[in-house]
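Shown next, in structure tokens, is the structure this report addresses.
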Protein chains: 2
Amino acid sequence: MAFTIGELGKATGTKVETIRYYERIGLLAKPERTSGNYRSYGKAELGRLSFIRRARDLGFPLDQVRALLSLSDDRTRDCATVDALARDHLAEVERKIVDLTALRSELSALLDSCEGGTVGDCRIIEALAPPATSGETL
Amino acid sequence: MAFTIGELGKATGTKVETIRYYERIGLLAKPERTSGNYRSYGKAELGRLSFIRRARDLGFPLDQVRALLSLSDDRTRDCATVDALARDHLAEVERKIVDLTALRSELSALLDSCEGGTVGDCRIIEALAPPATSGETL
DNA sequence: CTTGACCCTGTAGTTCCTACAGGGTGCATA
DNA sequence: TATGCACCCTGTAGGAACTACAGGGTCAAG
């Protein structure tokens, strides 16, 4: 029931270097070592790393992951903090979906109207550029 | 009809340092200078920078932004090239929409399960925690 | 004519990894 | 037993895309 770093990496979809990096920055504790000085991990580390990877995959930056981890380490704490983190993140994701959806229709309109000729007729930049000729953007 | 770098930054939601950085790496041309050696921008730069920021915000790396821009800079180029590039970008945009949509439902499921109280009761932490007590993840 | 907001160049730091270099370990196989 | 070979170790450097100074000029207002 002990993993090498490579096995842990495979189990969590993490590169070995990334695991060592997480250890270096204190996101993972220093693990036990074998007689040959290999890192040795157990189920607890597997869980913690899975958590980290999943949060990263959802776009949480490492310091937020760290906050989340320290929250879960203290189970008596108020849930509102976690909720706020996720809520902010959801809002951002939704904004991006809106933008990308707009970009998608612009791109497919561009493709529909592209029948040969030169770029001068294609107007790709105009199609992609935001409607911000006169003020603020984003 | 001329902006300082600060005004351009405000208009596009870009930090001054970032604009200078884009200039340094050749994404923006070196602008005219005032008598006092201040950078002076016009509408064209505003459009170009807006485009860059939007593409960046949607997750396109600078290399791809550069490709798109260089395409539009050479207005004599064959439209088929543009078409192919736009098609690639459309595919990528669609992939990103799919990813973000999945992320959104995960996040809102997370939020739905949060009923207040302490972290011990909060499902967000658990939802993020490993679905992998006995093997591989992700 | 000075104050404060802005601009200049240049360099160094940040985040989140990723990639070596130069070497040790462990296990199977000839 | 030796010899591969895959894997592990430390340490450092690189890379993408910024971001933050330091140390200094410029400019409009009071």
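Residue numbers begin at 1 in each chain, while the letters A, B, ... track the order of the sequences.
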| Atom-pair distance (CZ on B:R33; P on D:dT26), nearest Å | 13 Å
| note | In the 5' to 3' direction, the nucleotides of DNA chain C bounding the stretch that comes under 4.0 Å of a heavy atom in chain A are C:dC16 to C:dG26
| message | So, OP1 or OP2 of D:dT26: does either fall under 4.0 Å of a side-chain N or O from B:T34? | response | no
| message | So B:T12 and B:F51, do their side chains get closer than 4.5 Å, heavy atoms only? | response | no
| message | So, using side chain to side chain donor-acceptor pair (under 3.5 Å) as the criterion, who are the partners of A:R87 when residues are at least two apart? | response | A:D83
| message | So does B:P61 get a backbone contact from the side chain of B:Q64, meaning a donor-acceptor N/O pair under 3.5 Å? | response | no
Below 3.5 Å between N/O atoms, which protein atoms pair up with nucleotides 6-8 of chain D? Just atom names and distances, please.
from	atom 1	to	atom 2	distance (Å)
D:dC8	OP1	A:T4	OG1	3.0
D:dC8	OP1	A:G6	N	2.6

| query | What is the distance, rounded to the nearest whole Å, between atom OH of A:Y21 and atom P of D:dA13? | reply | 17 Å
| request: Using atom CG of A:D63 as one end and atom P of D:dT19 as the other, report the distance to the nearest whole Å. | output: 14 Å
| request: Write down the distance between CZ (B:R24) and C1' (D:dC18), rounded to a whole number of angstrom. | output: 9 Å
| message | For B:E7, is the CD atom crowded, meaning more than 12 foreign heavy atoms sit under 6.0 Å from it? | response | yes
| remark: A:E23 meets the side chain to side chain donor-acceptor pair (under 3.5 Å) criterion, sequence neighbours left out, with A:R39
| said: Testing the 3.5 Å rule here: is there a donor-acceptor pair between the side chains of A:Y22 and A:R53? | reply: yes
| message | Could you work out, with side chain to side chain contact (heavy atoms under 4.5 Å, CB included) as the rule, every residue matching A:R104, not counting sequence neighbours? | response | A:T101, B:L90, B:V93, B:E94, B:I97
| note | Across all chains, not counting sequence neighbours, the side chain to side chain contact (heavy atoms under 4.5 Å, CB included) partners of A:R66 are A:I25, A:L27
